[in-house]
Structures are given as C-alpha cells and as structure tokens.
S.K.: 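Sharing a structure below in structure tokens format, with a few things to ask.
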2 protein chains.
Amino acid sequence: MGRHREFDVEKALDAALCVFWRKGYEGASYADLTEAAGVERPALYSAFGNKEALFRQALARYDERYLGYIPEALQLPTAWEVAAHILYNAADLNTRYPDRTGCFGINGALAGSDEAEPVRQALIDFRAAAQAQLRERFERAKAEGDLPETAKSDALAAFVMAVTHGMAVQAKAGFSRAMLEAVAEQALSTWPTGSSTSSGTS
Amino acid sequence: MGRHREFDVEKALDAALCVFWRKGYEGASYADLTEAAGVERPALYSAFGNKEALFRQALARYDERYLGYIPEALQLPTAWEVAAHILYNAADLNTRYPDRTGCFGINGALAGSDEAEPVRQALIDFRAAAQAQLRERFERAKAEGDLPETAKSDALAAFVMAVTHGMAVQAKAGFSRAMLEAVAEQALSTWPTGSSTSSGTS
DNA sequence: CCTTTTTCATAATGGCCATTACTAAACCAC
DNA sequence: GTGGTTTAGTAATGGCCATTATGAAAAAGG
C-alpha cells in the first residue's frame, strides 16, 4: 500500500549520470541534479540515498550502458584487435555527446577535497578492474602466440589504459573525434606482434 | 613607508601550489591554503588577489619550477629524444612527490562546477601551448629528415601529450614510477623514424 | 615623538552546500 | 469510505565556502 512513485527512477539516474559526467562528483550540486532529473531533492534521497550512493549507482549504470565495448573487445581474437577496439570506441564515446565530453570515470573525481576520497578511490578501483581484465587478456594472447613471449602484459595494459585516459582529458578539452582517432592510430602503430601481424581499424 | 610584510610571498605561493596540485582548484579551500602557507586569509588576498588569481600564479610558478624539462626536450637533436625526454621526465615528476602525485595541470581542473570554467579553460590553453610547441618541433624534424615526410606532426604531438596525461591520471591513482616508465617505453617503442633510428632512454 | 601608511589577525558576512523536518496529497487494504 | 502508509514539495537547518570589514600593531618620515 501507500502512494506510488511518480517519476521514473531509471530516468532520474540517467539524468544524474549525465550531470556527474559533465561536472564530476564534487562539481555537481543537488541544484544541478534535481533540475536535470526533474525531481525534487527528497525524492532523490529516498530513491538513491545520499550523494555518494547516487554517484556509485550512476557509475554502475555508466558501466552497463556505455562501456559494453570493453567486454566486447576482450572477446576479439587477437590482442591487437582488443586494443584497437578499446581505443577507437573510447575515442568515439569521449566525443559522442557534446554536452558531456570525456569519460565519466575520469571526470568524476581525479583530485578534490578530502571528503571526496571514497569516491575517488571507487573510480580508481573501477579503472584498476578494467586494466586487470586487459592484462589477463594479454597474458592469454602470449600463451596463444599472439603476443611475443617477451611482451610485458601489465605494461601493455597500462599503456592502453593510459592512452584512453589521455584521450579522455583531451576530449574534455574539446579535441575532435578525428584527433582522438589519430592518437589511437599512433598508439596502435607499434604494437608488438607474435607470429602474425594485423592491420585495419575497429 | 608602512609596515613590512612578515611572510615570504614566494614560499606562500609554493605552499599554495602544493595544495592546488594535490586537491585541484575547487577541492582546495582557503582553510587548506592558509594552513599550508602559514599565513592568514587576508594576507593571501592582499598578496595574490582572489582564489582564481592565486591559482593562475601557482600555475605560472609550476611551469617555471617543474616543467623546465619541456624547453629542454625541445632542444634535443632528434624527435625521438624530444619525446623520450618528455615522457620519462613526466613519469618522474608525476611520482616524485608522494604528497602530490600526478600533474598540476591535470589535477587542477578537469571537470567541475560552472564557476570554475575560467580556470579549466586556462589549463586547457596551457596544455595546448605545450602541444603546439611540440607539433612545431616535429614539423622541424620532418624538414630535417628526422621524421618521415608521411608523419603527421599534430597527431604525434597529441599522442605524446595523451600519454603524459594518461600517466598523470595513473600517477594520481598511485601507480609506481616504474610502471609509468614502462608505459613511456611502450609509447616510444614504435616511433616513426626517418633515415636514422634511435635507441636508449632519456 | 607623532603622523601616516602598510600589514596583521580576528571575526563577521552572505551565499551555497548536502541533508532533512514537516505537511499535504495519493494510494491500498479493509 | 476510512485508516494506515508511502510519496511529493516546501522550506528549514547547520556547516563550510570565498571574501572582506574592522581595528591593533609595526614601520618610516618629519
């Protein structure tokens, strides 16, 4: 029993996600969030908890709604294709929405006040998880002869992630999608190969 | 005539620089700044103006005190050496001070509230200036035959900058200097060459 | 020594922040 | 239809924010 909720919780979360994406965790105020969601403050609190809880749910939603290309990439047959898929899709995602350029996980909280420490750490862990998956995929590639035995899979994974992070910074600075693709292309141009070499784009 | 200033303005600026480096523009409060500088609020205002003016002076000081390796790099004989010098020195600077990892120019303001827009733009312009210098240096390298005619100097400059930005994000996340150096090494491993090839590290 | 000028430190100001009482309205069970 | 329960919206609360008024202290000129 009781009164029904009058707003769509998922739409409100999507709206909050966009605000956090654009302004980051600390840069987003409840005035911004309620305006974007079209919902009053207490409704957001009752539906999501406090600001930190709302941000964490927005992060989870970002993962499932926008980062599907990462598990996609991991299933591609060669390490080169994995890296290319990630880099080109990152270039696309970082420039696809002009009102929220860059990456949610980078814009969210890089530096900030001490109160934002838990959120910052959550984003660090989130990126670390992706990087670990990538490293494991590259280790598999070594076992399959797709990468040379001398390749350092952790360094390669860190490198691919670094380039995506750098592209996110550049996208937030207004770089065009074409420019980011050129960065991705350069990053891929010296990819180590095992027995077979690859070419083409994702 | 009049009373003498009792604190060292340069030391206060250095202290503010460290706070901004660690917490970014919006994450740093005057409580943080005055504590670090050992100076009361009105003294900071009278010496530097408001928070934005203080930040801009901190940025200028960061440039002259910590980024000397960039003009240094630009004078090296080959494009490869230029890139290597920048990447390895960035890896060093981003991890040199455990209390302020990453890069002032990235931590300072990536995303934030609308009030921080001018500061964000100032940092974007700052990075763009460095990237333009790098691009010009690479164009010279093409003229000198140090880079192939087919090389795209703007893409190469953007790539080198992207890797430094990515390393800054990773350093802020706690990555070790060795890991960042491995990223730098991977970034340099496929550098295009003209007639001569290079090797070694900076 | 006294006046003028500058700096110092305390403490105030107004605004925005996240969070939440509180009241009225809407719904379900009975 | 009525009682119990959940939501909606207004408006309050306490805290921190950048900024500055105020007055004491200190230095230099006359």
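All of these numbers come straight from a predicted model, not from anything done at the bench. To find a chain, count down the sequence lines: A is the first, B the second, and so on, and within it residues start at 1.
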S.K.: Please work out whether the ring planes of B:Y66 and B:W21 are parallel, tilted or perpendicular, with thresholds of 30° and 60°.
M.R.: perpendicular

S.K.: For DNA chain C, determine which residues of residues 48-59 of chain A have any heavy atom closer than 4.0 angstrom to one of its atoms, and list them numerically.
M.R.: A:N50, A:K51

S.K.: Looking at residues 106-125 of chain B, who's got a heavy atom less than 4.0 Å off DNA chain C?
M.R.: none

S.K.: Which is it for B:E72 and B:H85 under the side-chain hydrogen bond (donor to acceptor under 3.5 Å, both in side chains) test, yes or no, and what are the steps along the way?
M.R.: CA-CA 8 Å; B:E72 249 177 53; B:H85 194 74; 2.8 Å; yes

S.K.: Indicate yes or no: does A:E139 engage A:K142 in a salt bridge with an N to O separation below 4.0 Å.
M.R.: no

S.K.: So which atom in A:D146 and which in A:P77 form the shortest heavy-atom distance, rounded to 0.1 Å?
M.R.: OD2-O, 4.2 Å

S.K.: How close do B:A28 and B:V19 get, counting heavy atoms only, and between which atoms?
M.R.: CB-CG1, 3.6 Å

S.K.: Looking only at heavy atoms, what is the nearest atom pair of A:L123 and A:G105, with distance?
M.R.: CD1-O, 3.6 Å

S.K.: For nucleotides 21-30 of chain C, give me one character per nucleotide, 5' to 3': B if any protein heavy atom sits under 4.0 Å from the base, S if the only such contacts are to the sugar-phosphate, - if neither.
M.R.: B---BBBBS-

S.K.: Give me the atom names and distance for the closest heavy-atom approach of B:L180 to B:M167.
M.R.: O-SD, 3.5 Å

S.K.: Measure from NZ or CZ of A:R100 to the centre of the six-membered ring of A:Y97, then state whether that distance is under 6.0 Å and the direction lies within 45° of the axis.
M.R.: yes

S.K.: What salt bridge (charged side-chain N to carboxylate O under 4.0 Å, His left out) pairs are there with at least one residue in residues 24-42 of chain B, not counting sequence neighbours?
M.R.: B:K23-B:D32

S.K.: Fit a plane to each ring of A:F55 and A:F104, take the angle between them on a 0 to 90° scale, and name the class: parallel (under 30°), tilted (30 to 60°) or perpendicular (over 60°).
M.R.: parallel

S.K.: Do B:Y45 and B:Y30 have ring centres separated by under 6.0 Å?
M.R.: yes

S.K.: For B:L156 and B:L134, run side-chain contact (heavy atoms from CB on, under 4.5 Å): C-alpha distance rounded to whole Å, both residues' side-chain angles, the deciding distance at 0.1 Å, then the answer.
M.R.: CA-CA 9 Å; B:L156 276 178; B:L134 201 52; over 6 Å; no

S.K.: May I ask you to list the residues of residues 8-33 of chain A, by number, that have any heavy atom positioned under 4.0 Å from an atom of DNA chain D?
M.R.: none

S.K.: Do the charged groups of A:E181 and A:R177 touch, with an N to O distance under 4.0 Å?
M.R.: yes

S.K.: Search all heavy atoms of B:T95 against all heavy atoms of B:F175 and return the closest pair with its distance.
M.R.: CG2-O, 3.8 Å

S.K.: What is the separation between atom CD on A:E40 and atom P on C:dT20, rounded to the nearest whole Å?
M.R.: 17 Å

S.K.: What closest approach, in Å, do A:R56 and A:P118 show between heavy atoms, and which atom pair accounts for it?
M.R.: NH2-O, 4.0 Å

S.K.: Reading DNA chain D from 5' to 3', where do the contacts with chain B start and stop? Cut-off is 4.0 Å to heavy atoms.
M.R.: D:dC17 to D:dG29

